[in-house]
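Worksheet for the structure shown next.
Proteins get letters first, then strands, A, B, ... in listed order; numbering begins at 1 in each.
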Amino acid sequence: MTVATPSNVQKVSDPDAFKLRGGSFTLLVLQLIDLKDPNFFHWLLDKISQAPNFYRHAPVVLDLEGLADLGPFNFAELARRLRQHQLVPVGVQNGTEEQNQGAINAGLSVFPMWRAAKPIEAPPTPEEPPEKAAQEPAPTPAEPGHAEASGSKVVLEPIRSGRQVYAQHGDLVVLATVSAGAELLADGHIHVYGTLRGRALAGVEGDTSARIFCRSLQAELVSIAGHWLVREDMDDHLIGRSVQIYLNGDLLVIEPTN
Amino acid sequence: MSKVIVMTSGKGGVGKTTTSASFAAGLALQGHKTVVIDFDVGLRNLDLLMGCERRVVFDFINVINGDARLKQALIKDKRVDNLWILPTSQTRDKDALKKPGVEKVLDTLRQEFDYIICDSPAGIEKGALMALYFADEAVIVTNPEISSVRDSDRILGVLASRSRRAELDMEPVKEHLLLTRYDPKRVERGEMLTVEDVLEILAIPLLGVIPENESVLRASNLGAPVILDTESSAGQAYYDAVSRFLGETLEHRFITPERKGLFQRLLRRTA
């Protein structure tokens, strides 16, 4: 792109003060349906309070498609109220010409016409399958814009009795020992490089291809996609061995890896 | 009629879980269908003492939360007929004990069991309150030691004011004293309170005196209630206590130091 340079400014080929790069972000889209609803902000607050960390200072694009009949309205005021709720409106889409102009006047940008594929929900507080209530604080939701990032977790320190660690949307890797009475949960695989004395539940959201790997099997219970074995049902010759555990049909298989 | 019995003490480490395990096994041994519930959420030990920790899949909290059915969580004891264990969760805390949930589980158990033993956690907070709230009878586990007696006194006050029976103005919870870790020799030397001292302070009927005995530690490490060790003084004392609970009149044993005969002393010396 050629930019006409004012003649009194020294022409510099490459500015050092900044760099302009392209970047792509996933943004929240707030689809406005009825702005006049007196409970609009009440509901919004309700929604936000379900996952405050997820929404705090999240950039949002306002989808105006549903407001085509409304005509121009006070964007500045709307933006101010959204900021009060700690949302950061950055632009609009699907507005009428007049609305777009109003948005620009209010300091918002106009995004191209586009429809969000599906309503975005805040990361759900893990829908707990049996005995999986998150005891430790629910995993901090990924930053908006990286909602699809892997939820894998690596734990370096020993996991003591009574502690529960959940790798939502990912694998759980533990480099230390897992005590009896501790519980590991993962939507994906579980790897334990110490001794596994507690419980390990892989594929808790139903992934039947999830596996459990451990260096020394002394687990109280292992489970994959809801199929479990308790210690008493494990073959004694497997105890203390390095194993992998996987699901073969409905059958949980424990197989030595050495 | 089904009865809910809480094993409580206020103080920790006095033998509530040991007593729960043996008492439940004792009731079952005498032909009563019995279930013992671990209320010590987050510090579960009952399953270890009962030797069923390798069979736990679901627990009390799963049942309260509706994540599992009661039948899935109940574990049948392998040694004693009529005996079932309802283990608790190690990863949750006492807040998981919701009163309506606990009540529902107990109501369901009442339909099937003669006795429901509630193994209370130490303290007078939520876990202990939930364990005693629905009780019909209470076994107060006390050591012959002043701080234990004081805590027992406190828990008796809680039973009389904050149990369901107290709140609904029903007949009060029936109280029994079980003196555990009683060492007659140390009592004789004045290092421990006597049975009479404790009874004078607490003023509730004495169900039994369990002597301090190495068999208790051995049993808990083996994962078998000490009452099953019929050779041991502690096991016999528990059996007596259960029989008294069921209405028998038995004399208290193991309260005075064993007087060894000359022959036994000589034998010990040469051994």
Open item on the list: Would you say that more than 12 heavy atoms from the other residues, nucleotides or ligands in this model lie under 6.0 Å from the CD of A:Q84, or not?
Closed with: yes

Open item on the list: If I take atom OG1 from residue B:T91 and atom CG from residue A:L185, how far apart are they, to the nearest 0.5 angstrom?
Closed with: 8.0 Å

Task: Within 6.0 Å of CZ in B:R69, more than 12 heavy atoms from elsewhere - done: no

Open item on the list: Is it true that, when you exclude B:R79 itself, more than 12 heavy atoms of the residues, nucleotides or ligands shown sit nearer than 6.0 Å to its CZ?
Closed with: yes

Open item on the list: Suppose a student defines contact as a heavy atom less than 4.5 Å from any heavy atom of chain B. Which residues in residues 231-245 of chain A would they list?
Closed with: A:R231, A:E232

Open item on the list: Are the side chains of A:L221 and B:V57 in contact, using a 4.5 Å heavy-atom criterion?
Closed with: yes

Open item on the list: A quick test of your reading: do over 12 heavy atoms of other residues, nucleotides or ligands sit less than 6.0 Å from CZ of B:R150?
Closed with: no

Task: Enclosure of B:K126 NZ (heavy-atom neighbours >12, cutoff 6.0 Å) - done: yes

- [ ] Could you tell me whether A:R215 atom CZ has more than 12 heavy atoms of other residues or ligands within 6.0 Å of it?
- [x] no

Task: Residues in residues 37-55 of chain B that sit under 4.5 Å from chain A, counting heavy atoms only - done: B:R44, B:R54, B:R55

